[in-house]
Amino acid sequence: MEIDMQHISKAFGPNVVLKDVNFSVKGGEVHALMGENGAGKSTMMNILTGLLEPNGGSIKVDGKETHFASALEAEQHGISFIHQEMNNFGEMPILDNMFLNKEIKTRFGFIDNVKMKAIAQKSLAKLDVKLDLNQPIGNLSVGQQQMIEIAKSLMTDAKIIIMDEPTAALTENEIGKLFDVIKSLKAQGVGIIYISHRMEELFEISDRVTVMRDGLTINTYNTKETNVKQIVHDMVGRDMGDFYPDRHPKFGKVMLETNKLTREGVFKDISFSVRSGEILAFSGLMGAGRTEVMRAIFGIDKLDSGTITVNGKQVKISNPSDAIKDNIGFLTEDRKSEGLILDDSIADNIDLPSIEGFVKHGMIDRKADRDFVNLLMKRLTVKANSAEDEAGSLSGGNQQKVVLAKWVGSGSQVLILDEPTRGVDVGAKREIYDLMNELTDRGTAIIMVSSDLDEVLGFSDNIAVLYEGKLMGVVPTATATQESVMTLATGGEN
Amino acid sequence: MDNQTETKRHFSFGDFYSKLGPLVALIVLIVLVSILNFSFLDPLNLLNLLRQVSINALIAFGMEFVILTGGIDLSVGSILALSGAFTAQLVLMGVPSFIAFLIGMVTGGIFGALNGVLIAYGKAAPFIATLATQTIFRGATYVFTKGNPITGAKMSNNFGFQFFGQGYLFGIPFPVYIMVLFYILAFILLHRTTFGRKTYALGGNPRAAFVAGVKNNKMIIWIYTLAGFLSAVAGMILTSRLASAQPDAGVAYEMDAIAAVVLGGTSLAGGKGKMFGTLIGALIIGVLNNGMNLLGISSFYQQIVKGIVILVAVLLDRKQAKA
Amino acid sequence: MDNQTETKRHFSFGDFYSKLGPLVALIVLIVLVSILNFSFLDPLNLLNLLRQVSINALIAFGMEFVILTGGIDLSVGSILALSGAFTAQLVLMGVPSFIAFLIGMVTGGIFGALNGVLIAYGKAAPFIATLATQTIFRGATYVFTKGNPITGAKMSNNFGFQFFGQGYLFGIPFPVYIMVLFYILAFILLHRTTFGRKTYALGGNPRAAFVAGVKNNKMIIWIYTLAGFLSAVAGMILTSRLASAQPDAGVAYEMDAIAAVVLGGTSLAGGKGKMFGTLIGALIIGVLNNGMNLLGISSFYQQIVKGIVILVAVLLDRKQAKA
Amino acid sequence: KAVSLTPPTFGGTHTTKKSKDKLKVGVSLSTLSNPFFISVRNGINDVAKQNGTKTEVFDAQNDSSKQSSDIEDLIQKKVDVIIINPVDSDAIVPAVKDANNAGIPVIACDRGSNGGKLLTTVASDNVKAGKMAAQYMMSKVPKGGQVAELEGTPGADAAIQRGKGFNTAAKNNLKIVTKQSADFDRAKGLSVMENILQAHSSIQGVFAQNDEMALGAVKAINNPDLVVVSIDGEPQGLTAVKQGKISGIIAQSPEVEGQLAIKAAYAHYQGKSVPKHTTSPIHLVTKENVSKYK
Ligand SMILES: Nc1ncnc2c1ncn2[C@@H]1O[C@H](COP(=O)(O)OP(=O)(O)OP(=O)(O)O)[C@@H](O)[C@H]1O
Ligand SMILES: Nc1ncnc2c1ncn2[C@@H]1O[C@H](COP(=O)(O)OP(=O)(O)OP(=O)(O)O)[C@@H](O)[C@H]1O
Ligand SMILES: [Mg+2]
Ligand SMILES: [Mg+2]
C-alpha cells in the first residue's frame with residue numbers, strides 16, 4: 001500500500017497548524033516524521049485517519065483520492081493508528097479494550113469472548129507480553145498499556161501502521177522488542193509511520209525522515225544520507241550545540257537524605273542522599289518503583305517505615321503540603337493528570353504551591369502574585385501570549401516548563417523531576433537541561449527519574465539504580481556505562 | 001515483569017462490595033426483616049413486593065445505562081407521568097389498550113430522545129438538561145391533565161388495560177413478568193452486545209471512545225431514549241394499576257432509581273457497574289420500604305433508615321470516583 | 001509558533017455567554033417583564049423581589065463553592081428545614097433570638113461538615129452522599145418537629161425574631177442586607193483569598209491540586225460546611241419570615257440553587273464559574289417567578305417556561321464539560 | 001422609622017364599596033395538583049364569571065414560602081381582596097399581616113390563619129370531619145375492632161387535624177393497629193396498603209385521611225367486608241362509594257367553599273357585614289345517599 005498526502009492544511013479556528021505539508025509512505029518502509037512539540041505531527045495523522053477534517057490538500061491511497069469518514073473506516077482499509085495519548089478505558093478488562101467497537105460476534109449477534117481472546121493472545125505473544133486479559137487495563141503501568149496499544153494494532157492486519165511516540169513510556173528492553181516487531185513487519189511489506197522525539201531511534205529504525213516546522217514540510221531525507229545535526233537544524237530552524245550541556249557541579253551540603261524507606265510490596269529499605277548542586281539520576285526498568293519512591297517522599301503515598309531528613313532536620317511528611325513547606329518540589333511523571341490544571345490559566349498553575357506567600361490582610365496580593373508569575377515565565381522562557389492563557393493550550397514542552405516554573409517558584413531546594421523530558425522536543429529538552437544546570441548552580445538539589453539511559457548517562461552527576469523496589473547501588477556518572485547501569489537495573493551485581 | 005500485576009490490587013472491602021456486596025446486603029436485610037416479622041416471607045407478600053419493586057426496577061434499568069455513560073436522568077418521573085397521561089387519554093378516546101400502551105411507551109422514548117439530543121448535540125450537562133426537562137414535562141403533564149387525574153369507565157372496566165398492572169398470570173402479578181422480561185433484555189443489551197460495550201466505553205473515556213470510532217452522540221441519544229422508554233413502561237404499569245393517570249405520578253422517582261443503581265455498585269462517575277447489581281439495588285429499596293411498613297416504623301424514621309442504608313452501602317463501596 | 005495563542009480562542013457565543021451572558025439575559029428578562037406589566041418596576045415590587053430572591057441566593061452562594069469543586073449538595077433544603085426547626089424550638093424555650101439564630105447557623109454548618117466528611121474521607125460521590133443526608137436530615141426534621149410546624153407566641157410576638165426575615169431597615173427588607181453581606185463575603189472568599197484559589201484548583205484537577213499542596217479533604221469539608229451554614233442562614237430568614245418552622249420547608253430548594261449557579265455560567269464539571277454569575281442566576285430565577293406571577297401565567301405553564309429558560313441558557317453556554 | 005416590621009409606604013386607600021364587575025380578586029391556593037383545590041378554584045371562578053369579576057389565581061405548590069411570595073405579588077397587583085387557601089395556618093400569618101398593612105381584606109379558605117386580620121374564614125371543620133369518619137367507622141366495625149390509618153403528608157394541616165379528630169373520637173372504641181403515611185398520594189396509598197394488609201391481615205377497617213389514598217388503598221384490598229372511610233368527596237371518590245369500594249366518605253364541598261369565599265368578598269364591598277366564620281357544609285356520603293351528590 002502507498003499513501004501520499006499532498007499540500008495538507010489545517011487550522012483550528014484562526015490558529016493555522018498545518019500550512020502546506022507533504023508526506024508519503026509506502027509498504028515495506030519506515031518513514032519517520034519529526035518536528036518540535038506542536039509542529040502538527042499528530043494532527044497530520046489524525047487527518048490521515050479520518051479523526052480530523054483537513055481544510056485543504058489531498059490524500060491518495062494507492063493513487064486513488066481517498067477520504068476516511070472515521071478512524072474505524074481507516075482501520076478497515078488497513079491503516080492502524082497507535083496514538084500518542086493512551087485511549088484506554090481504565091475500568092474495562094484488557095480484552096474488551098483491545099476489541100472496543102470491533103468486537104467479534106457470534107452467529108446470534110452476541111460477543112464472542114473466546115475467539116477474541118485467542119486473537120489477542122496471539123498478537124501479544126509477538127511482543128512477549130503475558131497478561132491476564134480479564135483484569136482492568138487501568139491496573140497496568142503506562143508502559144504495559146503502551147504495549148497493549150501496539151498489540152492492538154498488530155491484530156488488525158494493517159498495511160500501514162502509524163506509531164505516534166510509541167516508545168515514550170517503554171524501557172530499553174521493550175523498545176528492543178518493538179524494533180524487532182517493526183523489522184519483521186517491514187519484511188512483510190507493512191509500511192510504518194514513526195513519530196518520535198528520540199533522535200537515536202530514528203537512525204536505528206527508519207528508512208526516510210521528514211521534518212516539519214511552522215506548518216510546512218522542511219525536508220525529506222533518506223535516513224542514511226543525513227545526520228542528527230541536519231535534522232535538528234531543520235526542526236528548530238538553527239544550529240544547536242551539543243545535545244547535553246556540560247555539567248560543572250559544585251556540591252554543597254546534603255539537602256535530602258532518606259533512611260530505609262519502605263512501602264510494603266512496592267519498595268524496601270531505600271537509603272540515599274542528594275547534595276546541594278547535585279543531579280542524582282534514578283534509573284531502572286519500568287515498574288522498578290522509582291515513581292513510587294518519589295511519591296512517598298513527597299507525601300502523596302504513605303510510607304510504612306523509614307525516615308527522611310531535609311537540610312539536616314528529620315521531617316515528617318504526610319502530604320504534599322508538608323513536603324512543600326520543607327522546600328521540596330515534585331514534577332510528576334504524568335503531567336496532564338497530576339502536574340497541571342489544564343483549564344486554569346498558566347498563572348494560576350504556577351502560583352498554586354506558593355499562593356500562601358502572597359496573602360496580605362487575608363487576601364491575595366494580586367499584583368505581587370502576577371509579577372512573580374511573569375518573572376518565572378520569562379526566566380523559564382514559557383512561550384505563551386500571556387499568563388492568562390489556559391495551560392491546556394500550550395504545547396507539551398511549554399506545559400512542562402510551566403510545571404517546572406511552579407516548583408522553581410515555590411523555592412524548592414530539593415527538586416524531584418520524574419521523567420522531565422518525556423515527550424518533549426529537542427529544543428525544549430535542551431532548554432530544560434540548561435535550566436537544571438542553572439538551578440544546581442544556585443544550590444538546588446535535583447533528583448531526576450529517567451527511563452532514557454542516554455539522558456541518565458549524559459546529564460547527571462550520580463546514578464541510583466532501582467530493581468524491583470530495591471536500591472541496587474549509586475554510581476558516579478563519570479564511571480558508569482550503559483552496561484554497568486543495565487546490569488544493576490536487571491538485578492545483576494556490579 | 002511477568003505476573004506482578006496479579007498481586008497489584010490487594011483485597012479490599014470496597015472491591016468485594018461492588019462484586020458481591022449488594023447481594024449480601026439484600027440477604028442480610030431479608031433475614032433481618034423476616035426475623036422481626038414472619039409475615040414478610042409469606043409468598044403473597046413477596047409477590048406484592050416484587051410488583052411494588054417492578055416500577056422502580058424498570059426505571060433503574062434505564063438509569064443504569066445512563067449512569068454508566070457518566071450521565072444522569074432526572075426527568076424519568078415526569079416522563080412516566082406524561083406518557084401515562086397520554087395512554088389514559090387514548091384509552092378514554094376508545095383506542096384499544098394494547099395500542100395505547102405501545103403509543104405511550106414510544107412517546108416516552110421520544111421524550112427520552114429529546115434529552116439525548118440536548119445532551120449530545122446541545123452539549124448540555126445531563127444533570128441540568130434533565131432537570132430542565134423534568135420541569136417542562138411535569139408542567140406539560142399538568143397542562144395536559146388540567147391538574148386532574150385522568151380516569152373513566154373505559155379504563156376501569158377494560159380488562160386488557162387493567163391486566164397490564166393489576167393482572168395475574170399463573171398466580172404471579174403481570175408486572176413481575178414485565179420486569180423480568182426487561183431485565184433479561186437489558187442484561188443482554190448491556191453485557192452481551194456491542195451496544196453495551198460502547199456504553200461502558202462512553203462512560204469510561206468518551207474521547208477514547210470517539211477515537212475508537214464509537215458514535216458518541218448517537219449512543220447518547222439511544223441511551224436516553226431507552227431510559228425514557230423504560231420510564232414509560234413503568235408509567236403504563238402505574239396507570240393500569242391505579243386505573244387512573246395521576247398528574248403528579250412519579251415525583252422524585254428518579255431518586256429511588258438512582259439509589260437503586262448506586263446501591264447495586266455502579267459508580268456515578270460512569271464506566272463501571274452491572275445490570276444484576278441494579279436489580280439487587282431495586283430489591284433492596286423494595287424490601288426496605290415493604291419491611292419498614294410491615295414493622296410499622298413511622299414514616300419519619302423510615303426516611304432516616306433509608307438514608308442510612310444508602311450511605312452505608314456507598315461508604316462500603318469506596319471506590320466511587322472523584323469528589 | 002510565536003503568538004498563535006493570541007488568536008487561538010476565536011469568538012464564540014458560548015464564551016460570551018459565560019462572561020456576560022447571564023447579565024444580558026437578566027436585563028432582557030427585566031425589560032420584557034416591565035413592558036408587559038408596568039407594576040414590575042414599582043420600587044416596592046423590586047424590594048419584594050429581592051427579598052424573595054434572598055433565600056435562594058444565599059443557598060446558591062454556598063452551592064457555587066460546592067459545584068466549583070465538581071461536587072453537588074442535594075441536602076441544602078433539608079439542612080434549611082432542620083436548622084430552622086432547631087432555632088424555632090430554641091426561641092420557644094426562651095433563648096434570645098440572636099443566640100438562637102447563631103446556634104441555628106452553626107448547626108447548619110455542622111450538618112454541612114458531615115456531608116464534607118462523607119465525601120472527603122468516606123470517598124462517597126457527592127450526589128449520592130448528599131441524597132442520603134437529604135433524606136436523613138428531612139427525616140430528622142420530621143422526628144424533631146413530630147411532623148408539626150413549630151410556632152408560638154414567643155416567635156410571633158418577638159420583634160428581634162421577626163425582624164430577621166420580615167423587618168425593614170431604611171425601607172429595605174432586612175433579608176436583602178443579609179444577602180448583600182454574604183454576597184460580598186462569598187465574593188471575597190472566592191475571588192480574593194487562597195481559599196477560593198484552592199477551590200478552583202480542586203475542581204479543575206483534584207490530583208494536581210493535591211500535588212501542589214492543597215489539602216483536598218480539609219478543603220472539601222470546609223466547603224460543604226459553608227454550604228450548610230449558608231443554607232441555615234436562608235433557613236433563619238424563612239423561619240422568621242413565616243414566624244414558623246415548617247417541617248417540609250425547603251423541599252426541592254437544591255434544584256433552584258443549582259439552577260441559579262448554572263444559569264450564572266458555572267460549569268457543573270467544576271473549576272469554572274464566578275460568584276457574580278450566581279447572584280445574577282438567582283436574580284434571573286427570581287424575576288422569572290415574580291414576573292410570571294405578575295403576568296398572571298398559570299403555574300402549570302410557569303413550570304414549562306422556567307424549564308425552557310434554564311435550557312436555553314445552558315445551551316447557549318455550550319462550554320459545559322463532559323456528558 | 002429606620003427599623004420596622006412593615007414596608008416603607010403603602011399608598012392608596014381602599015374604597016369600601018365597589019361593584020362586582022369592578023372587583024379584582026386575588027386567589028392564592030395551596031396547590032392545584034389536587035382535584036379538591038381545583039374544585040375550590042372552579043367554585044370561585046364560576047361565581048366570578050357570572051358577575052364579571054376578574055380573578056388572579058396563584059398556585060403555591062404546597063410551599064409556604066412560595067405562598068408568601070405569591071401574596072406579595074398579589075399585593076403588588078393591587079387586588080381588592082385576597083382569598084387565601086393557606087399551605088399552613090401558622091406560616092401564613094406574616095403574609096396575612098402584609099395584606100392587612102396594605103389595606104387589602106383577606107378571606108381564608110379551607111384552612112384558617114392563626115394570626116392577622118381576616119374578613120372571614122370559609123372552611124369545613126377538618127377536626128369534625130375526622131370525628132365523623134370515626135363515628136361512621138364505629139358504626140360499621142364492632143367495638144375494639146382493628147383499624148389502620150393512612151396518614152397524609154407529614155406536617156400538612158389537614159393531616160394533623162383530620163388525624164386528631166379521628167383519633168380522639170376513636171380512642172376508646174377502635175384499636176388503631178398501625179398508622180402509616182402515604183403522603184396523600186394514590187400510588188403510595190396502594191403500596192402502603194398492600195404492606196399493611198400483609199402485616200395486619202385481620203384489620204376490619206381503614207381510615208384514609210383523603211380520597212386519593214383511599215382510592216389507592218382499595219386497589220390493594222380484596223376483602224369486600226373491609227370498611228374503608230375517607231375524607232374529601234372528590235368525584236372519583238364518590239364513584240368508588242357508588243361501586244361499594246369505599247364505604248363512606250366525609251364529603252366536603254370544595255366548590256361551595258370557593259363560592260362562599262367570593263360571595264363574602266362581594267358582601268364586604270357592598271358594605272354588608274361579614275361573619276367571622278363561614279362554615280362550609282360537610283356530610284357523610286354512603287352508598288345509600290351517594291346519588292344525591294353525584
Ligand atoms: N483539537 C484541537 N483544537 C485546537 N487546537 C489543536 C487541537 N489539536 C491540536 N491543536 C493544536 O495544533 C498544534 C499541533 O498539535 P499536534 O498535536 O499535532 O502537535 P505534535 O506535532 O503532535 O506535537 P507533540 O510532539 O507534542 O505531540 C498545537 O499547537 C496544538 O495546540
Ligand atoms: N496505581 C497503582 N496501584 C497499584 N500498583 C501500582 C500502581 N502504580 C504503580 N504500581 C506498581 O508499583 C510498582 C512501581 O511502579 P512505578 O510506576 O513506581 O515504577 P517506575 O520505576 O517509576 O516505572 P515507570 O517507568 O513505569 O514510571 C510497580 O510494580 C507498579 O506496577
Ligand atoms: Mg503529537
Ligand atoms: Mg515512573
Side-chain angles (χ1 to χ4, degrees), chain B residues 14 69-72 74 118-120 122-129 131-143 146-147 202-203 206-207 216 220 252 255 258-259 262 267-270 298-311 314-315 317-323, chain C residues 14 69-72 74 118-120 122-129 131-143 146-147 202 206-207 216-217 220 252 255 258-259 262 267-270 298-311 314-315 317-323:
Chain B
T69 68
I72 202 143
L74 302 178
L118 290 171
I119 292 160
K123 299 272 172 277
F127 186 95
I128 201 76
L131 178 63
T133 56
Q134 178 193 69
T135 315
I136 294 172
F137 296 152
R138 181 65 61 189
T141 311
Y142 282 132
V143 170
K146 302 194 182 64
L202 216 52
R207 217 201 95 75
N216 294 7
I220 287 176
M255 292 305 174
I258 294 167
V262 173
S267 152
L268 276 177
S298 110
S299 65
F300 302 163
Y301 286 101
Q302 288 198 11
Q303 294 195 44
I304 298 183
V305 172
K306 212 164 130 182
I308 290 176
V309 169
I310 294 177
L311 217 46
V314 172
L315 290 185
D317 188 15
R318 285 167 167 262
K319 286 180 59 195
Q320 297 283 349
K322 86 155 215 168
Chain C
T69 68
I72 202 143
L74 302 178
L118 291 170
I119 292 160
K123 300 273 172 275
F127 186 95
I128 201 76
L131 178 62
T133 55
Q134 178 193 68
T135 315
I136 295 172
F137 295 152
R138 180 66 60 189
T141 311
Y142 282 131
V143 170
K146 302 193 183 65
L202 208 55
R207 293 175 64 188
N216 293 11
N217 288 346
I220 286 175
M255 293 306 174
I258 294 166
V262 173
S267 153
L268 277 177
S298 109
S299 67
F300 300 165
Y301 285 101
Q302 287 198 12
Q303 293 193 45
I304 298 182
V305 173
K306 212 164 129 183
I308 290 176
V309 168
I310 294 177
L311 217 47
V314 172
L315 289 185
D317 187 16
R318 289 173 165 256
K319 285 180 61 193
Q320 297 283 349
K322 86 157 215 164

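Naming: A, B, ... by sequence-line order, numbering from 1 per chain.
Shown here for B:P126 and B:G71, the closest heavy-atom pair between the two residues is CG-CA, 3.8 Å. In terms of heavy-atom proximity, B:F300 sits nearest to C:K146 at CE1-C, 3.6 Å.
Heavy atoms of C:L131 lying under 4.5 Å from chain B belong exclusively to its side chain. Within the 4.5 angstrom heavy-atom criterion, only side-chain atoms of C:I72, from C-beta onward, approach chain B.
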Review item, side-chain donor-acceptor pairs of residues 302-310 of chain C, under 3.5 Å, at least two apart:
{"unit_1": "C:Q302", "atom_1": "NE2", "unit_2": "C:N293", "atom_2": "OD1", "d": "3.1"}
{"unit_1": "C:Q302", "atom_1": "NE2", "unit_2": "C:I297", "atom_2": "O", "d": "3.0"}
{"unit_1": "C:K306", "atom_1": "NZ", "unit_2": "C:D256", "atom_2": "OD1", "d": "3.3"}

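With sequence neighbours excluded, no residue forms a side chain to side chain donor-acceptor pair (under 3.5 Å) with C:T135.
Interface check for chain C: of the options B:A140, B:A259, B:G147, B:A132, the most heavy-atom pairs under 4.5 Å are formed by B:A132.
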